[in-house]
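Below: one structure, written as structure tokens.
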Protein chains: 2
Amino acid sequence: MSKKTIQTIEDIARLAGVSKSTVSRALNDSPLVSDETKKRIQAIARENSFRINAPARNLSMGQSHTIAYVTHAYHKESFSMEDLFGLEIMGGITHGLHELGYEMLVVHMDPRDSGWAHQYLESGRVDGFILMTSNRKKWHIKTLVEMGAPFITWGVISENVKYCSVTGDNVAGGRLATEHLIRTGRQRIAFLGGDKEELEVQHRFKGYQQALEDAGMVIDSDLFANGDYSHSSGIKAMKQLLEQSPDLDAVFVNSDLMAIGAINVIQNSGRRVPENVAVVGYDDLSIANYNNLPLTTIRQNIPLAGKLLAQNLVQYIKTGVVTNVTLPVELVVRQSA
Amino acid sequence: MSKKTIQTIEDIARLAGVSKSTVSRALNDSPLVSDETKKRIQAIARENSFRINAPARNLSMGQSHTIAYVTHAYHKESFSMEDLFGLEIMGGITHGLHELGYEMLVVHMDPRDSGWAHQYLESGRVDGFILMTSNRKKWHIKTLVEMGAPFITWGVISENVKYCSVTGDNVAGGRLATEHLIRTGRQRIAFLGGDKEELEVQHRFKGYQQALEDAGMVIDSDLFANGDYSHSSGIKAMKQLLEQSPDLDAVFVNSDLMAIGAINVIQNSGRRVPENVAVVGYDDLSIANYNNLPLTTIRQNIPLAGKLLAQNLVQYIKTGVVTNVTLPVELVVRQSA
DNA sequence: TCACTTTATGCAACCGGTTGCATTATATCT
DNA sequence: AGATATAATGCAACCGGTTGCATAAAGTGA
């Protein structure tokens, strides 16, 4: 493209008959410049479609206004359904960051690369990181903490973390799901969790337990199984549950994707959903509504979660204030339970 | 975090007893610096975990090594299943860019904002754009062409475009799908397309026509319907097709998501898939395999598409060479057809 | 009218790299 | 030994913004 003649603050300064420091102050709405001069300069900039040079501004201010969203995709070469939770929340994050004048870089994290955060933070490329927590990311969180790098996580790995986080109320979620199944008359309610080492799985199980105990119902370990949130693990775990307890009449599944896998297994066993076995999922991802049998599920407010991840990280970068937010969840009743 | 004492090229220069220009050349592997000096400086940088400052380098070189992936999410606040094609290809793009030393910025495009590309390109924030083509993005492509902005599209809007693109062989895809249905004995094969104004839909239709003609089968306009690639439009279009032609025994659907919607409608009408109505989808997104009834579909090589979008855009940025690539597609036979 | 304060703007240094050209040392050739 | 060429390194200007401090003009009060 041909080089525009108005490209820098120097160019605007020439047009306006002032110095570039006055132009910089005017464009940044500084009180050190008179209103009259400020308006004149802003009009000239607008008329010439002037854009401040981001690298120059980043260099002189020592901030990139860019946040890295750290992904660890199940598949190496592309995203997939297994990544849907992270992808849905990414949409909210990018929206929330944009409202704050920040950009979102998608960073494909190689777990073997111990320098991954260094090369983004210490090179001035990003101001902070957003990541979805899981036990597989323990080391990466450890690295970020050791670096003193600004970051925020969706979910928490352990109690009393010193870094920013947003999470859902997993105990309440486990409780809501189980209470619904109890309320609709189910007697043998199974729990199909994620990785049992994960805190959120433990919390959801706690809610499940509490609901059963409050209803005076027995807790039967034959009714437990765990997957790893993948679709195939949901299939495997559901098969195991049906083997362990052929008479189960409901299952609370820790994710929509595993729930869909579980439904397939239940239906293929000759049982009907929800008549013979009621199924409640978790997250209320968009897939929950598209399945042939719309999924009853525990909704997490993913758009709000994304927005808060963005807002609270930027606030931490600016002020150093650590915030931990637990979002309420809600039961969404569709056809599977 | 405490300020490291080794943070700039100046710091490395002091340690190595050379000038910063020598350090810069050494770290960039310039032939102007002797091998001995180069190795010494690289070792010192490595020992001190030194990272070149990206904003400074971007400023002096006039390049950001960042590419904007332009999204136009169906929902304002988060991504969803409807965005799965764009999200799966994003994974391949980010991977491909990383291999080239580039980063990927996810840019949420507001269609009403006429200055969106300006504020990313002319501010030096990105070096180019990647976007999924559709008629809704005609104006954005027009803007990018007028700016002379480097960009590449997945898919093409019209013939003989002058910008870079990667697309699938839609005529072949339409043909493969229809031939499979013919080969399995289907007599009344419907076409459930995307927006009929879209070139790729026209090409897929062309392939469908050619296959029918080659088989000496009649082309019946009662067997056509169009959605807009959304799940709900697939439901609506399939209902329309069953109204128009209750005796249809197969349908070629232009996307997996619409195909799943179509399957739901077919099953809810009391018909069985594939016994009564065979269904072929398009794209082979990860969802195709997870559906209770695994979907026969036309696979597009999404990881390769992502990689080529990255590679060919960066090549264009560096050399100005425009490339247009049409990727082969393949039939994947599962249970729905 | 004069002294002092406040306002508005400009100068120039800095942010941290890159690199054209200058300088010095070394190598080569006659 | 001297002239010329080559290699290696350094100087300093530049990329385009931000901003502390200096300077000049305007305003205010005695």
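For clarity, every value in this text was computed on a predicted model and none was experimentally measured. Each chain gets a letter, A, B and so on, in the order its sequence line appears, and its residues count up from 1.
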*asked:* Using the side-chain heavy atoms of A:Thr22, tell me which of these nucleotides is nearest: C:dG10, D:dC11, C:dG16.
replied: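 Looking only at side-chain atoms, A:Thr22 lies closest to C:dG10.
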Next on the checklist: Which nucleotide wins on minimum distance to the side chain of A:Ala56, given the candidates D:dG17, C:dG17, C:dT19?
Outcome noted: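 The answer is D:dG17.
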[X] [atom1] to [N] [atom2]: how many Å, rounded?
X: B:Arg125; N: D:dC15; atom1: CZ; atom2: C1'; result: 17 Å
X: B:Glu10; N: D:dC11; atom1: CD; atom2: P; result: 10 Å
X: A:Gln7; N: D:dG17; atom1: CD; atom2: C1'; result: 14 Å
X: B:Asn28; N: C:dG16; atom1: CG; atom2: C1'; result: 13 Å
X: A:Ile52; N: D:dC15; atom1: CD1; atom2: P; result: 17 Å
X: B:Arg14; N: C:dG16; atom1: CZ; atom2: C1'; result: 14 Å
X: A:Glu36; N: C:dT9; atom1: CD; atom2: C1'; result: 13 Å
X: A:Glu122; N: C:dG17; atom1: CD; atom2: C1'; result: 17 Å

Please check the phosphate of [N] (OP1 and OP2 only) for any side-chain N or O of [X] closer than 4.0 Å.
X: B:Asn53; N: C:dC15; answer: no
X: A:Arg57; N: D:dG16; answer: no
X: B:Ser34; N: D:dT9; answer: yes
X: A:Asn58; N: C:dC15; answer: no
X: A:Ser19; N: C:dG10; answer: yes
X: B:Thr37; N: D:dA8; answer: no

Pair of N/O donor and acceptor under 3.5 Å linking C:dG10 base with A:Lys20 side chain
no
Classify the angle between the aromatic ring planes of A:Trp154 and A:Phe85 as parallel (below 30°), tilted (30 to 60°) or perpendicular (above 60°).
-> tilted
Checklist entry - So what does B:Ser24 touch, heavy atoms closer than 4.0 Å: a base, only the sugar-phosphate, or nothing? => result base
| query | NA contact type, A:Leu59, heavy-atom cut-off 4.0 Å: base, sugar-phosphate, or nothing? | reply | base
Does the side chain of B:Pro55 reach to within under 4.5 Å of the side chain of B:Leu59, using non-hydrogen atoms? no
Can [X] and [Y] be counted as having a side-chain donor-acceptor contact under 3.5 angstrom?
X: B:Ser21; Y: B:Ser19; value: yes
X: A:Glu122; Y: B:Ser49; value: no
X: A:Ser286; Y: A:Glu88; value: yes

The side chain to side chain contact (heavy atoms under 4.5 Å, CB included) partner of A:Gln315 among A:Val322, A:Val321, A:Ile152 is A:Val321
Could you run down the sub-3.5 Å N/O contacts of the protein with nucleotides 20-25 of chain D?
residue, atom, partner, partner atom, Å
D:dG20, O6, A:Arg25, NH2, 2.9

Sorted by position of nearest nucleotide on DNA chain D, 5' first, the leading residue of B:Met61 and B:Val33 is B:Val33
Main chain of A:Arg125, side chain of A:Ser64: is a donor-acceptor contact present, judged purely on distance under 3.5 Å?
yes
query = Got a salt bridge between B:Arg14 and B:Glu10, using NZ or NE/NH1/NH2 to carboxylate O under 4.0 Å?
reply = no
